[in-house]
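Written out below as C-alpha cells is the structure these notes cover.
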Amino acid sequence: MRKLLLLVLLLCSAFGLRAEYLDSDSIDHSARYDSLAPLHGNWFQQLMQTNFHINDPRIKYPRFPQFCLKVYNWGDKTFNSYDPAYVRSTGKNWKFLVKCDAWNQSFRYVFDLFNHDNVEVRSKMNVDLGMTIQFMAVGLTYTRAMDESIYGKKNKRNTFEFSFTCSRFSLEALSRHTSGGAYIDKYGSYDKGTDFLRMPFEGLETSTTQVTGFYFFNHQRYSQSAAYAYSKYQLRSAGSWLGGLQWAHRKVIMDFSDLPDEMKEANPEFPLINTFDYKEYALVGGYAYNWVLNKHFLFNITAMPFVGYRRSQLHTEHRRSRELVSAGALGRTSLTYNNGMLFVGLVGKFNGGFILNRHYSLFNSTQTGNFIIGLRF
C-alpha cells in the first residue's frame, strides 16, 4: 500500500499534476542536509520525518521507490523548469485552502432575426463554499452549496472541476449540470414597463462537459501556477502567448410551458420547448500576462478567443437546425497576495460563445468569481 501511494504521488507529479511544489532547478539538495541528524526507521517513516521532502539524500529508498523518484525528477525537470530569475518555487508540499465560488449563467436567444424577438434568461447567483487539503498532486475537496441560506431554496446542481498545470502546458476539465433557479429578463414583446422582467423561471436545464488544454510558449519566464495554483512565485513581470484545443458538449433546455397565458399570448410564434444540443471542437489562442506589483501582490490577465467546428441542433415543436461554425472567448483575471505561508486570491472567469444562422441565434456565457484564502506548509 505504501509503495502504491508513493507511486501515485510521484508519477502524477512527473506528468505535471501540480508538480510545481518542488524546485526543479535544484534537484540536488545534498548540501542542505549534510549537517542534519540521520533518519530512523523504514523509508516511509524517514520520508515522514523529512515532511515528505522526497529528494532528501538521507532517505534510504528500496529499489522500486528509488525508480519512482527518478521518474519524478525526470518529469519535473522536463515539464516544470523555469528561469530562476523570473519564477521560483514556494518550497512547500502541502496546502490547505478555503474558497468561496460565486457563478451564474446567462442566455440570449433570438428566435426571429428579422423581428429581433428574443428571450433573455439568466440563472441565479450560485454560491458554493469549499475546503481543500492538498499534497503535491493529490488533493481532497469538500464543497457545500450555500444557496439555501441565501434564497431559502437550494438550486439543483452538481459540478466537477479538475486541472493540472506545469511550466509548459495546462489541462482543465469541467462537468456541470443545473436545473431551475433562473430568471427571465425578457420574453419577446411581452412588456411590464420595466427594462428587466426578473421573473422566476424553473424551466431552464443545462448540462456542460468541457476540456481545454493550452501550451505556454514563454514557459521559462511565465508561470500560470503563480496566479491560479499558488505553488510558484512570479519574481519579475512576464507574459506568454498560448495556444491549444477545446472540446465541449453542451445541452440547454428552455421549457416555457408553465409561463402565464398572457406571456404566451404576447408571443404566439415562440416555441414553448427549445432544446439546444451541440458538440464543439475549437482552436484556442491568446495571451497571458503576470504583472508583479511588489513582493506580495501579483496581477494576471488572460484572454483567449476561440474559433472552430460546432455540430449543433435546435429541437423545437416546429424545426431542427444545424450549424458548423463556433466562436467565442475565454477570459480570466486574478489578484494574488502572498505573505510567507499565507496566500489570498481573487479570481474572475468568463466563458462565452454563440450560435448564429439565418433562423435564430443563441449567445450563452458563464461568469465566475472566486475568493480563496489558504496556507502552505
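We number each residue from 1, following the sequence as shown.
With rounding to the nearest 0.5 Å, the separation of OG in Ser223 from OH in Tyr233 is 12.0 Å. We find the CD-OH distance between Gln134 and Tyr230 to be 12.0 Å, quoted to the nearest 0.5 Å. Distance CD1/Ile372 to SG/Cys100: 10.0 Å, rounded to 0.5 Å. To the nearest 0.5 Å, the span separating CZ on Arg122 from OG on Ser106 amounts to 9.0 Å. Annotation: the span from Leu129 atom CG to Thr143 atom OG1 amounts to 8.0 Å, rounded to 0.5 Å. Considering CD1 of Ile301 and CG of Leu335, their distance stands at 12.5 Å, rounded to 0.5 Å.
Between the Ser237 side chain and the Val292 main chain, a donor and an acceptor come within less than 3.5 Å of each other. Between the side chain of Asp101 and the backbone N or O of Val127 there is no donor-acceptor pair closer than 3.5 Å. Between the Gln66 side chain and the Lys60 main chain, no donor and acceptor come within less than 3.5 Å of each other. A donor-acceptor distance shorter than 3.5 angstrom exists from the side chain of Gln45 to the backbone of Asn42, with no hydrogens or angles considered. Judged purely by atom type and a 3.5 angstrom limit, Asp258 has no side-chain atom pairing as donor or acceptor with the backbone of Gly203. Of the possible donor and acceptor atoms, one in the side chain of Lys95 sits under 3.5 Å from a partner among the backbone N and O of Ala229. At least one donor-acceptor pair closer than 3.5 Å links the side chain of Ser240 to the backbone N or O of Phe217. Glu202 places a side-chain N or O within 3.5 Å of a backbone atom of Gly181 that can act as its donor or acceptor partner.
Within the 4.5 Å cutoff, the side chain of Leu39 has heavy atoms near those of the Thr50 side chain. Residues Val347 and Phe371 have side chains not in contact (no heavy-atom distance under 4.5 Å, counting atoms from C-beta outward). Using a 4.5 Å cut-off on side-chain heavy atoms (C-beta onward), Lys232 and Tyr82 make contact. Side-chain contact check for Met304 versus Leu242: some heavy-atom pair is nearer than 4.5 Å. For the pair Asp185/Leu197, no side-chain contact is recorded, criterion being any heavy-atom separation below 4.5 Å from C-beta on. Side chains of Glu280 and Trp247 form no contact here, defined as non-hydrogen atoms less than 4.5 Å apart. The shortest side-chain heavy-atom distance between Arg108 and Lys186 does not fall under the 4.5 Å cut-off. Contact annotation: the side chain of Trp291 never approaches that of Leu298 to less than 4.5 Å [non-hydrogen atoms, C-beta and beyond].
A side chain to side chain contact (heavy atoms under 4.5 Å, CB included) with Thr178 is found for one member of Thr159, Leu204, Thr206 and no other, namely Thr206. Here the rule is side chain to side chain donor-acceptor pair (under 3.5 Å) with Gln210, and of Glu172, Arg250, Glu161, Arg176 only Arg250 fits it. None of Phe270, Phe201, Tyr190 except one satisfies the ring-ring contact (aromatic ring centres under 6.0 Å, His included) rule with Phe256; the exception is Phe201.
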- Message: side-chain contact (heavy atoms from CB on, under 4.5 Å), that's the test. Do Leu47 and Ile59 meet it? Break it down for me.
- Response: CA-CA 7 Å; Leu47 187 63; Ile59 302 174; 3.7 Å; yes

- Message: Apply side-chain contact (heavy atoms from CB on, under 4.5 Å) to residues Ile54 and Tyr61 and explain how you reach the verdict.
- Response: CA-CA 10 Å; Ile54 60 177; Tyr61 289 110; 3.7 Å; yes

- side-chain contact (heavy atoms from CB on, under 4.5 Å) evaluation trace for Gln46 with Arg58: CA-CA 8 Å; Gln46 294 172 358; Arg58 298 173 298 166; over 6 Å; no

- Evaluate side-chain contact (heavy atoms from CB on, under 4.5 Å) for Asp261 paired with Met263, printing each intermediate quantity in order. CA-CA 5 Å; Asp261 291 338; Met263 295 183 69; over 6 Å; no

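Applying the 6.0 Å contact sphere to CH2 of Trp103 captures more than 12 heavy atoms from other residues, nucleotides or ligands. Atom CE of Met341 is surrounded by more than 12 heavy atoms from other residues, nucleotides or ligands within 6.0 Å. Counting non-hydrogen atoms of other residues, nucleotides and ligands closer than 6.0 Å to CG of Asn339 gives a total above 12. No more than 12 heavy atoms of other residues, nucleotides or ligands sit less than 6.0 Å from atom CZ of Phe67. The number of heavy atoms from other shown groups lying within 6.0 Å of NZ (Lys264) is above 12.
Between Tyr337 and Phe297, the ring planes are tilted. Angles from 30° to 60° get that label. The aromatic rings of Phe160 and Phe162 lie parallel to each other, their planes meeting at an angle below 30°, with 60° marking the opposite boundary. Between Phe164 and Phe169, the two ring planes are perpendicular [angle over 60°; tilted spans 30° to 60°].
The aromatic ring centroids of Phe363 and Tyr109 lie 6.0 Å or more from each other. Checked against the 6.0 Å centroid threshold, Phe107 and Phe276 do not count as a close aromatic pair. Aromatic ring centres of Tyr287 and Trp241 lie closer together than 6.0 Å.
A donor and an acceptor atom, one from each side chain of Gln367 and Asn104, are located under 3.5 Å apart. Defined by atom type and a distance below 3.5 Å, a donor-acceptor pair is missing between the side-chain atoms of Thr90 and Ser231. A donor-acceptor contact closer than 3.5 angstrom is absent between the side chains of Asp277 and Thr275. Checking Thr302 against Asn300 by side-chain atom types alone, a donor-acceptor pair falls below 3.5 Å. With hydrogens and angles left out, the side-chain atoms of Arg376 and Asn338 include a donor and acceptor closer than 3.5 Å. Counting only N and O atoms by type, the side chains of His177 and Glu205 include a donor and acceptor under 3.5 Å apart. With 3.5 Å as the limit, one finds a donor-acceptor pair spanning the side chains of Gln220 and Ser81.
Both Ile373 and Phe299 are part of a single hydrophobic cluster, where members link through side-chain heavy atoms under 4.5 Å apart. Under a hydrophobic clustering in which Ile, Leu, Val, Met, Phe, Trp and Tyr are joined whenever their side-chain heavy atoms come within less than 4.5 Å, directly or via other members, Val98 and Leu342 fall into the same cluster. Both Trp94 and Phe96 are assigned to one and the same hydrophobic cluster, defined by single-linkage of ILVMFWY side chains at heavy-atom distances under 4.5 Å. Clustering ILVMFWY residues whenever any of their side-chain heavy atoms sit less than 4.5 angstrom apart, transitively, puts Leu330 in a cluster other than the one holding Phe350.
Annotation: cation-pi geometry satisfied between Arg236 and Tyr86 (NZ/CZ under 6.0 angstrom from ring centroid, within 45° of ring axis). Relative to the six-membered ring of Tyr228, Arg332 meets both conditions, a distance below 6.0 Å and an angle of at most 45° to the axis.
For the residue pair Arg221 and Gln234, the shortest heavy atom distance occurs at O-NE2, 2.8 Å. Here the closest heavy-atom approach between residue Ala288 and residue Gln224 is recorded as CB-OE1, 4.4 Å. For the residue pair Asn290 and Ala226, the shortest heavy atom distance occurs at ND2-CB, 4.4 Å.
Every residue meeting the ring pair (Phe, Tyr, Trp, His ring centres under 6.0 Å) condition with Tyr222, not counting sequence neighbours, appears here in chain and number order: Phe216.
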